[in-house]
J.: 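Below you will find the structure I want to go over with you.
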Amino acid sequence: MRERDLIKLEFFQVLERLKTYTHSKATERFVDQIRPLTDRQLLEENIRLVEDFVHVYEEISLYKFDDVEDLIKKSSIKDYILSVEEALSLLKVLRLIKEVRKVIGEKVQTYKNLAHITKSLYLFSYLENAIESVIDPRGFVKDSASEELRDIRYKIRETEKEILKRLESVFSRPDADRVFSDKFVAYKNGRYVLPVKTTEVKKIVGVVHGTSSSGFTTYVEPQSVIELNNRLTVLRDEEEDEVKRILKRLSSLVGEQSQRLLEAFRTLIKVDYLYAVVKFSKEYEGKFPQIGDYVDLSGVRHPLLIFLKEDVVPIDIRIKDKRGLLLTGPNTGGKTVALKTLGLCSLLFQSGIPIPVEEATLPVFEKIFIDIGDEQSIEQSLSTFSSHMTNIADFIPLIDEKTLVLLDELGAGTDPVEGSALGIALLEYLKEKRAFVFATTHHTPIKVYALSSDYYIPASALFDKESLRPLYKIIYDAVGESMALAVAQRCGIPEEILLKAKEFLPAGFEEYFSAKEALEEYIREYRERLKELEEEKNRLESLIKEQEKMAEELERRKREEINRVVKELKDKFEEFLLEAEKYIRSIKDKQRIKELFKEKVENIYKEEIEEALQVGDWVEFLGSKGKILEIRDDRANVLFGGVKAWVKTSELKKIEPPPEESPPEKVFEFKKATPSEINLIGFSVEEALTKLELFLQEAHSMGLKSIKVIHGHGVLKKAVQDFLSSSPLVVFHREGYPKEGGPGTSLVYLTKD
């Protein structure tokens with residue numbers, strides 16, 4: 001994808017905000033390299049990883065850590081010596097790797113997508129111990145790092161004690177107050193010296209090592225400590241050499257593990273990145289869309305506006321039944337924000353970052369192009385219009401069916417007539433390329449084009465005509481007004497100018513918008529009624545489910561009651577036997593009575609429970625009558641008219657057989673549930689209507705309440721709808737909602753009898 005499109009869609013601004021949730025400069029560098037993925041499999045892996053990480057991130061305690069990648073690489077170079085600071089930075093990283101591995105490792109069995117993280121979070125216990133044994137947390141090499149270093153530092157301390165003892169004894173001279181500017185031992189040029197007043201410097205025999213800035217004090221190394229200071233210098237050189245040797249040995253240990261260290265460190269960066277992604281998306285309750293072949297964003301918000309404004313109104317962006325969306329409406333109505341919201345959310349989604357949406361489906365776009373805003377280029381001497389055309393010409397050859405094209409203010413910047421013609425031609429070209437398109441415009445010819453298009457969905461950004469404020473909502477299958485005169489009036493343009501402007505409007509312009517408003521009102525009313533019907537349908541289905549549950553509960557209680565009665569009968573018979581034993585003379589008589597009782601009880605139980613389970617019995621189910629052909633466990637295969645179906649025996653009611661039984665001419669057997677939809681696309685009108693008639697009869701005989709018919713948008717659609725309108729089996733039919741298949745489908749509600 002082009003960098004300029006990512007910039008225009010503010011992708012990098014989101015990454016900058018994401019970096020504030022990281023814990024290392026190394027992770028910030030990693031975030032800078034993030035780009036949208038176009039490989040679906042790789043994207044799905046990233047999404048699963050983030051989704052699993054959500055369940056563990058709160059248990060991970062990340063803290064600031066240094067970027068140690070360069071020092072790890074340098075450690076593999078011969079003779080490179082780590083500094084103490086570098087070693088402590090590496091130790092901090094190793095400890096963090098161990099802590100992260102422990103937390104994630106405990107969750108891998110449940111969240112298996114985290115497994116490849118733990119595989120590369122290697123443990124470096126030996127290296128940790130080596131650093132800890134050599135370097136003190138305060139930042140110096142320990143005396144215990146080697147025997148040699150311990151001996152050298154012991155000699156240094158003893159030598160320093162002797163030097164200080166000799167120098168401090170000088171302060172006891174009778175003339176000390178007159179000779180010395182202060183009674184302390186100073187340290188100059190790596191040697192211990194005394195602060196002598198410059199005027200009295202000849203009274204101390206020794207070597208001068210400089211004066212103070214004021215010239216009042218001269219620092220003198222007395223003759224009595226010169227040899228000791230020389231010895232101390234040699235010892236410090238030996239100490240430095242030994243420290244270098246120790247650090248070099250430590251560096252070689254790091255170098256030996258450099259490849260594994262780099263892999264583990266980069267995995268730690270990935271963990272820090274995942275942590276940032278989850279924390280960032282939690283700020284706006286982000287979630288991942290489903291991957292599909294259409295655009296459907298419900299309740300989506302612009303990811304950056306959420307952080308800049310308290311109340312961001314969510315919108316719905318749908319390019320579902322078609323592949324293009326043309327959004328119209330006044331300026332400041334939110335059209336550009338909606339367009340950028342789709343583009344930015346698509347980029348974030350394909351980068352493995354959740355987006356602020358309630359429910360969503362998005363394709364995986366291989367390319368996203370945008371033409372937006374003031375593209376005027378002073379450097380290239382291009383006008384705004386020319387810059388737009390240059391930009392579009394640049395990406396036009398790259399467009400295909402996996403491309404999302406975002407066009408803001410289509411046709412603007414030039415003569416409206418020519419601009420409209422060019423805009424329509426561009427939309428037609430994009431249609432031929434099968435690209436996904438989201439465009440905005442003010443030009444009426446382009447709006448009219450969209451109304452009759454089979455590729456573009458016309459939509460309008462809602463605007464409150466009373467307050468002249470945007471509502472930040474989109475209404476589909478409608479075009480909006482630019483409302484230029486109303487907005488101009490609100491901005492203070494004199495009334496006389498507005499009246500004069502109305503005189504220059506084309507004939508019938510106001511009548512056109514009046515008719516359009518009336519049509520939109522009808523559309524809104526139609527949708528409200530459809531919504532009411534859908535709610536009523538859901539309510540009825542809920543009542544039916546409740547009734548079915550009640551029937552099951554009654555059946556269960558009936559069986560429990562029968563079992564209780566049978567048990568009581570058995571108990572009473574046992575009591576009877578106990579009393580009758582003294583009257584029964586032979587064991588044979590007693591056994592015969594028991595068998596007789598058992599036979600009677602079984603007959604009673606069978607009559608109560610299994611009476612409706614006999615092959616050949618006639619039963620009733622949801623108003624349809626049929627004959628039992630076979631029984632398996634708690635299901636019966638019943639012949640309803642010409643259709644066989646497996647039904648739970650608990651849902652069947654036994655009835656008297658009809659006077660006559662006539663075998664059906666044709667039997668359709670459904671081993672599972674009867675299909676509730678039929679696809680007629682690809683058949684001739686005559687074939688389709690024949691199949692539809694048979695399907696309606698079968699569905700009606702099975703007692704189905706509704707079915708779906710898929711017919712497409714052409715001649716077949718009208719033929720099917722005319723047939724449904726005249727069928728005695730149909731109560732009501734309507735076009736499918738977008739989530740049900742859209743205008744290419746019909747939902748059919750059947751009669752009960």
Side-chain angles (χ1 to χ4, degrees), residues 3 6-7 9-37 42-43 45-73 85-86 88-105 107 111 113-114 116-122 261-288 303-308 344-345 347-356:
E3 290 286 303
L6 301 182
I7 293 171
L9 288 169
E10 302 167 302
F11 177 72
F12 296 114
Q13 291 186 41
V14 176
L15 294 188
E16 285 300 315
R17 186 168 289 275
L18 178 63
K19 287 196 289 188
T20 63
Y21 293 84
T22 63
H23 296 83
S24 174
K25 292 293 183 183
T27 315
E28 291 183 17
R29 193 176 68 247
F30 179 85
V31 172
D32 287 333
Q33 304 304 313
I34 295 297
R35 293 296 182 273
L37 299 170
L42 187 57
L43 174 59
E45 290 175 2
N46 279 11
I47 290 173
R48 289 194 295 269
L49 183 58
V50 174
E51 289 177 337
D52 276 5
F53 196 82
V54 168
H55 300 285
V56 303
Y57 84 101
E58 289 182 327
E59 299 180 37
I60 298 176
S61 298
L62 290 175
Y63 42 79
K64 294 291 183 182
F65 60 93
D66 294 330
D67 184 354
V68 297
E69 182 163 337
D70 284 344
L71 73 86
I72 293 174
K73 291 177 180 177
E85 293 75 15
E86 288 175 331
L88 287 176
S89 293
L90 181 59
L91 178 61
K92 188 176 182 180
V93 167
L94 296 181
R95 287 171 174 168
L96 185 55
I97 288 172
K98 181 169 64 176
E99 293 168 15
V100 170
R101 177 190 169 92
K102 181 177 185 299
V103 173
I104 297 180
K107 303 291 184 180
Y111 307 107
N113 293 299
L114 301 175
H116 80 275
I117 290 181
T118 56
K119 286 179 182 177
S120 52
L121 283 174
Y122 305 115
L261 282 168
L262 281 175
E263 190 176 352
F265 180 64
R266 288 166 182 167
T267 304
L268 178 63
I269 292 172
K270 184 65 176 292
V271 170
D272 190 30
Y273 168 73
L274 290 171
Y275 184 90
V277 167
V278 173
K279 290 285 287 184
F280 174 68
S281 63
K282 287 290 182 181
E283 295 286 342
Y284 50 72
E285 299 179 349
K287 63 176 63 173
F288 284 114
L304 283 177
L305 284 182
I306 294 171
F307 295 94
L308 301 176
L344 181 55
C345 284
L347 293 175
L348 295 181
F349 160 55
Q350 291 184 215
S351 301
I353 301 174
I355 61 175

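For the numbers below, each heavy atom of this structure counts, side chains included, while hydrogens, waters and symmetry mates do not.
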J.: Atom CG of Leu6 and atom CZ of Arg35: how far apart are they, to the nearest 0.5 Å?
T.: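 So the CG of Leu6 and the CZ of Arg35 are separated by 6.5 Å.
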
J.: Identify the heavy atoms of Pro303 and Leu348 that sit nearest to each other, and give their distance.
T.: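 That would be CG-CD1, 3.7 Å.
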
J.: Looking at Asp32 and Lys19, does any basic side-chain N land under 4.0 Å from a carboxylate oxygen?
T.: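 A salt bridge links Asp32 with Lys19.
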
J.: If we only count heavy atoms from C-beta on, is the Ile104 to Val271 side-chain gap below 4.5 Å?
T.: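 Yes - at least one pair of side-chain heavy atoms lies under 4.5 Å apart.
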
J.: Stepwise, does the side chain to side chain contact (heavy atoms under 4.5 Å, CB included) test hold for His116 with Leu49?
T.: CA-CA 10 Å; His116 80 275; Leu49 183 58; 3.8 Å; yes

J.: Which word best sums up how the rings of Phe280 and Tyr21 line up, parallel for under 30°, tilted for 30 to 60°, or perpendicular for over 60°?
T.: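 Taking Tyr21 first and then Phe280, their aromatic rings stand perpendicular (interplane angle over 60°).
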
J.: Tell me if a side-chain donor or acceptor on Tyr284 pairs with a main-chain N or O of Pro354 at a distance below 3.5 Å.
T.: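 At least one qualifying donor-acceptor pair exists.
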
J.: To the nearest 0.5 Å, tell me how far Arg101 CZ sits from Lys119 NZ.
T.: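 Here the rounded value is 11.5 Å.
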
J.: Taking all non-hydrogen atoms of both residues into account, name the closest pair between Leu37 and Leu43 and its distance.
T.: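 Looking at all heavy atoms of both residues, the shortest contact is CD1-CA, 3.9 Å.
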
J.: How long is the gap from CD1 on Ile117 to CG on Leu274, to the nearest 0.5 Å?
T.: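 Reported value, rounded in 0.5 Å steps: 5.5 Å.
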
J.: Hey, is the main chain of Gly352 close enough, under 3.5 Å, to the side chain of Asn46 for a donor-acceptor pair?
T.: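 Between the backbone of Gly352 and the side chain of Asn46 there is no qualifying donor-acceptor contact (under 3.5 Å).
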
J.: I'd like to check Phe307 versus Gln13 (side-chain heavy atoms, cut-off strictly below 4.5 Å). Are they in contact?
T.: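 Side chain of Phe307 against side chain of Gln13, heavy atoms only: no contact under 4.5 Å found.
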
J.: Give the minimum heavy-atom separation between Leu9 and Leu344, together with the two atoms involved.
T.: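 Of all heavy-atom pairs spanning Leu9 and Leu344, the closest is O-CD1, 3.3 Å.
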
J.: Is any side-chain heavy atom of Leu88 closer than 4.5 Å to one of Glu85?
T.: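 They are not in side-chain contact.
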
J.: Minimum heavy-atom separation for Thr267 to Ser120, with atom names?
T.: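 Minimum heavy-atom separation between Thr267 and Ser120: OG1-OG, 2.8 Å.
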
J.: Taking the side chain as C-beta and beyond, is there a heavy-atom pair between His55 and Leu114 under 4.5 Å?
T.: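 When only atoms from C-beta onward are counted, Leu114 and His55 do not touch, as no gap falls below 4.5 Å.
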
J.: For Lys92, does the NZ atom sit with more than 12 other heavy atoms under 6.0 Å from it, leaving out its own atoms?
T.: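 Yes, NZ of Lys92 has more than 12 neighbouring heavy atoms, counting only those of other groups under 6.0 Å.
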
J.: Do Thr22 and Thr27 have side-chain N/O donor and acceptor atoms under 3.5 Å apart?
T.: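 Thr22 vs Thr27: no donor-acceptor pair found between side chains.
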
J.: Is the closest side-chain heavy-atom distance between Val14 and Glu10 below 4.5 Å?
T.: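 Not touching, per the 4.5 Å side-chain cut-off.
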
J.: Do Lys73 and Glu69 sit within salt-bridge range, that is, some charged N less than 4.0 Å from a carboxylate O?
T.: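 Yes, Lys73 and Glu69 are salt-bridged.
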
J.: Can you tell me how far apart CD (Glu86) and CD1 (Ile72) are? Round to the nearest 0.5 Å.
T.: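 That separation rounds to 10.5 Å.
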
J.: In terms of ring plane angle, is the pair Phe265 and Phe65 parallel, tilted or perpendicular, where the classes change at 30° and 60°?
T.: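 Phe265 vs Phe65 ring planes: perpendicular.
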
J.: Do Leu62 and Leu96 come within less than 4.5 Å of each other through their side chains, counting heavy atoms only?
T.: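 Touching, per the 4.5 Å side-chain cut-off.
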
J.: If you round to the nearest 0.5 Å, how far is CZ of Phe12 from CD1 of Ile34?
T.: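 Going from the CD1 atom of Ile34 to the CZ atom of Phe12 covers 11.0 Å.
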
J.: Side chains of Leu261 and Tyr122: closer than 4.5 Å at any heavy-atom pair?
T.: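 Leu261 does not reach Tyr122 side chain to side chain.
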
J.: Would you check if Asn113 and Phe53 make a side-chain contact, meaning some heavy-atom pair closer than 4.5 Å?
T.: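 When only atoms from C-beta onward are counted, Phe53 and Asn113 do not touch, as no gap falls below 4.5 Å.
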
J.: Check the surroundings of atom CD in Glu285: do more than 12 heavy atoms from other residues, nucleotides or ligands lie under 6.0 Å from it?
T.: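 No, the 6.0 Å shell around CD holds no more than 12 heavy atoms from other groups.
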
J.: Check whether Asp67 reaches the backbone of Lys25 with its side chain - one donor and one acceptor, N or O, closer than 3.5 Å.
T.: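 Flag not set: sc Asp67 to bb Lys25 has no pair under 3.5 Å.
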
J.: Between CD of Gln350 and CD1 of Ile47, what distance do you get to the nearest 0.5 Å?
T.: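 If we round to the nearest 0.5 Å, Gln350:CD and Ile47:CD1 are 9.0 Å apart.
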
J.: With Phe30, which residues qualify under ring pair (Phe, Tyr, Trp, His ring centres under 6.0 Å), at least two apart?
T.: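 Checked Phe30 against ring pair (Phe, Tyr, Trp, His ring centres under 6.0 Å); matches are Tyr273.
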
